[in-house]
Amino acid sequence: MIILGIHVSFNGNSHDSSASIIVKKSVVAACEEERFNRQKSSQLFFPHKSIKFCLNKAKVNIEDVDLISVDGKTFKNMKVKVEKSMKYYFGFCPKIEMVEHSLSHSYGSFFSSGFKSSLVVSIDGIGDNISTLISIFSVKNNRVLKKEIYREGRDKSIGDFYGIFTNYLGFRLNEGEFKMMGMSALGKPSFNMDNLIKFDTQKGKIISDLNKIKSLKFNTNTNEPIYNSKNIKKLFNVQRRLPSAPFKKIHYDLASSVQSQFNKVYVNMINYFGKKYNQENLCLSGGCALNCLSNSKFLEGNFKNIYVMPAASDRGLSLGNAMFSLVKKGIIPKTPLNMFLGPSYNDKTVLKLFKNLKIKYKKIKNISDDCSNEIKKGKIIGWFQGRSEFGPRALGARSILANPKIKNMKNKLNMKIKNREDYRPFAPSILDEDFKYKDKKNSLFEYMTFSLFLEKNNYKNFREAVHFDDTSRVHVVLQKNNPIFYNLLKSVKKKIGYGCVINTSFNLNNEPIVNSPLDAIKTFFGSGIDILYINNFKITK
């Protein structure tokens, strides 16, 4: 059985096209279209380059594929449009199965978690007319049992709630939410938002009056504002911020208030259903599951195990689609070992590129030792190794690295390379044996899906990767899932006394993460990165 899962952006209300492929029971490949075409989010793009990569990685032709699985069940003529596009790019289209958006998120998170049973939560802005879907999944005797327990539409969307204020503060929808999350650390939650949206624990449902501040009339794409400026100004006496305008204290306070209210609705709702149905495990997906500040609230609750889908946003739908269709065929997918599911490049390919571009390089016998020496000296490193990550986080395959002990390194990274706002934090990648958070398993923190509140003595070794509010989106590196990066951190520990680096995505501001050696070279020479390592090759300026 070969199933090709695709998520397609045919209109302005969809984004983050991607493709995934499952052969028999195993996930062979998954990657976002933006990584190949270099168009961030790849809105309006059919993922033909991602599909081609998946077919090549699985060593199959399009005619070998048994089924194409696509979300967007409520989109008019979606199946016809996919068929036309497949025939245009590949000359053939296998049978197509349509999947509901929220079900795709749910199947993707549950079958990536490895749990035998779980509360499974999908929350985002909207998809196939659903914003919130909560279910209970279990696997018994090789059969999948699913019970839906709660769903809501767009009028009660907490994703839209967050997006409205993301817009109002001058950011682009589906791109700027993480910026507002970073801003919230600099403000105080001084605005009461209970009248806009809340979760009623007595009735067990979301209570919402979002329509008074939402404006969707005439909208045809997600780049258009979705707020009602007049009503927000009336409610909170905060003037909307133009995208190019400076920030005022009141903007930070508004961001903090929105984050606080989002926390309450998100956490109260999920805890309510977890307790009501006596669930120990929790799977999270949908764009809202990328709110790592809110996710951290569950670490203190009643859930024993928590899994946040690393590709939680719509880019992960292609994998969820494939898993849904496989289960429908009566086959249980194998849990992916990790999320390094994109392309890798062998030395022959890399050397050919160097020759064509006349790039001077050195072949290094021990890149871990060599790179850790450069990190100790304060050099900023471009790190390109193995298969690229599936999802929005750089996990040590396509990363920019720096020494977290050197004062003002965060500012140096921002000024020389990222050119981004100072309220946006960087993450630390930490050696498995060098980090412990209360009584939690380190595997929880493998994908940068939680922002942890840390005591000051716990982060003295990586203070440059800690945010203003003492939170840090910690990335713990496990040897079995990430051996090359793990070995680097082991060597870093020998040089600076602690196995940790600042890790940020290998890209410039407003660009996708690099995917190929050519992308890496372009970014290296177009930025302030000091040294680039591709496989065992070292390039300096």
Side-chain angles (χ1 to χ4, degrees), residues 40 166 169-172 175-187 241-249 251-252 255-256 259 290 292-293 371 374-384 389 392-396 398-430 448 451-452 454 459-475 492 496 500-514 519-520 522-533 541:
K40 193 169 175 65
T166 296
L169 287 170
F171 302 122
R172 182 182 163 191
E175 287 290 336
E177 284 82 358
F178 60 94
K179 296 182 181 181
M180 190 170 75
M181 184 169 61
M183 278 180 67
S184 68
L186 296 173
R241 174 187 165 268
L242 295 174
S244 58
F247 290 97
K248 298 178 181 178
K249 182 183 180 300
H251 295 138
Y252 293 107
S256 180
Q259 177 64 41
L290 292 176
C292 48
L293 278 173
C371 182
E374 301 291 3
I375 287 171
K376 181 182 179 181
K377 295 175 191 174
K379 299 295 184 182
I380 296 173
I381 306 298
W383 184 253
F384 186 106
E389 307 90 338
R393 309 294 187 213
L395 302 170
R398 306 287 185 272
S399 292
I400 295 172
L401 311 175
N403 191 331
K405 284 188 165 185
I406 295 176
K407 192 174 180 180
N408 293 322
M409 182 56 79
K410 174 186 170 182
N411 293 335
K412 186 179 178 182
L413 280 166
N414 266 332
M415 289 175 63
K416 288 185 70 175
I417 298 143
K418 301 297 272 191
N419 298 311
R420 65 184 201 178
E421 304 85 352
D422 64 358
Y423 53 76
R424 288 170 58 187
F426 291 107
S429 289
I430 305 176
M448 294 191 193
S451 275
L452 306 180
L454 302 172
Y459 63 76
K460 62 184 178 181
N461 290 303
F462 56 97
R463 62 179 65 252
E464 287 296 304
V466 178
H467 203 28
F468 300 106
D469 59 352
D470 294 333
T471 62
S472 185
R473 196 177 69 228
V474 171
H475 169 221
V492 167
I496 68 172
C500 177
V501 293
I502 294 175
N503 176 9
T504 187
S505 55
F506 196 162
N507 63 294
L508 303 182
N509 197 17
N510 295 318
E511 290 184 0
I513 298 174
V514 303
D519 300 334
K522 284 180 178 178
T523 302
F524 173 62
F525 284 109
S527 70
I529 298 173
D530 298 309
I531 298 167
L532 173 61
Y533 291 89
K541 291 176 180 172

Tell me yes or no: between the side chains of Ser505 and Lys418, is some donor less than 3.5 Å from an acceptor?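 Per modelled atom types, Ser505 and Lys418 side chains form a pair under 3.5 Å.
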
Main-chain N/O of [Y] paired with [X] side-chain donor or acceptor, under 3.5 Å:
X      : Y      : value
His467 : Tyr423 : yes
Asn419 : Asn509 : no
Asn503 : Ala394 : yes
Arg241 : Pro243 : yes
Lys405 : Ile496 : yes

Please lay out, stage by stage, how Ile400 and Ile380 fare under the test side-chain contact (heavy atoms from CB on, under 4.5 Å). CA-CA 7 Å; Ile400 295 172; Ile380 296 173; 3.7 Å; yes

Within this structure, what is the [atom1]-[atom2] distance for the pair [X] and [Y], rounded to the nearest 0.5 Å?
X      : Y      : atom1 : atom2 : result
Ile417 : Ser527 : CD1   : OG    : 5.5 Å
Leu395 : Ser429 : CG    : OG    : 7.5 Å
Thr166 : Glu177 : OG1   : CD    : 4.0 Å
Ile381 : Glu374 : CD1   : CD    : 6.0 Å
Ser472 : Met448 : OG    : CE    : 9.5 Å
Asp530 : Lys377 : CG    : NZ    : 11.0 Å

Answer whether the closest heavy-atom distance between the side chains of [X] and [Y] falls below 4.5 Å.
X      : Y      : value
Cys371 : Trp383 : yes
Leu452 : Thr471 : no
Asn510 : Arg172 : no
Phe462 : Leu454 : yes
Glu389 : Arg398 : yes
Phe426 : Asn414 : yes
Val474 : Pro428 : yes
Asn507 : Thr523 : no

Decide yes or no on side-chain contact (heavy atoms from CB on, under 4.5 Å) for Phe178 and Leu290, but give the supporting numbers first. CA-CA 8 Å; Phe178 60 94; Leu290 292 176; over 6 Å; no

Please check if the number of heavy atoms outside [X] that lie under 6.0 Å from its [atom1] is greater than 12.
X      : atom1 : result
Lys416 : NZ    : yes
Lys541 : NZ    : yes
Lys412 : NZ    : yes
Lys40  : NZ    : yes

Over 60° means perpendicular and under 30° means parallel, so classify the ring planes of Tyr252 and Phe247, tilted if in between.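 Judged by the thresholds at 30° and 60°, the geometry between Phe247 and Tyr252 is tilted.
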
How would you list, by chain and number, every residue that makes a ring pair (Phe, Tyr, Trp, His ring centres under 6.0 Å) with Phe524, sequence neighbours excluded? none

Tell me the closest heavy-atom pair linking Ile529 and Gly382, and the distance in Å. CG2-N, 3.4 Å

Closest contact, heavy atoms only, Ala520 versus Phe384: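 That closest heavy-atom pairing would be CB-CD1, 3.8 Å.
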
Sequence-distant partners of Asn411, side-chain contact (heavy atoms from CB on, under 4.5 Å), two or more places apart: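 Here the qualifying residues are Asn408.
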
Kindly indicate, with the supporting measurements, whether the criterion side-chain contact (heavy atoms from CB on, under 4.5 Å) is fulfilled by Cys500 and Asn461. CA-CA 8 Å; Cys500 177; Asn461 290 303; 5.9 Å; no

Applying side-chain contact (heavy atoms from CB on, under 4.5 Å) to Leu532 and Phe506, what does each step give before you reach the verdict? CA-CA 11 Å; Leu532 173 61; Phe506 196 162; 3.7 Å; yes

Is the terminal nitrogen or CZ of Lys410 (NZ for Lys, CZ for Arg) located under 6.0 angstrom from the six-membered ring centre of Phe468 and within 45° of that ring's axis?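 Positive - Lys410 is close enough to the ring of Phe468 and near enough to its axis.
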
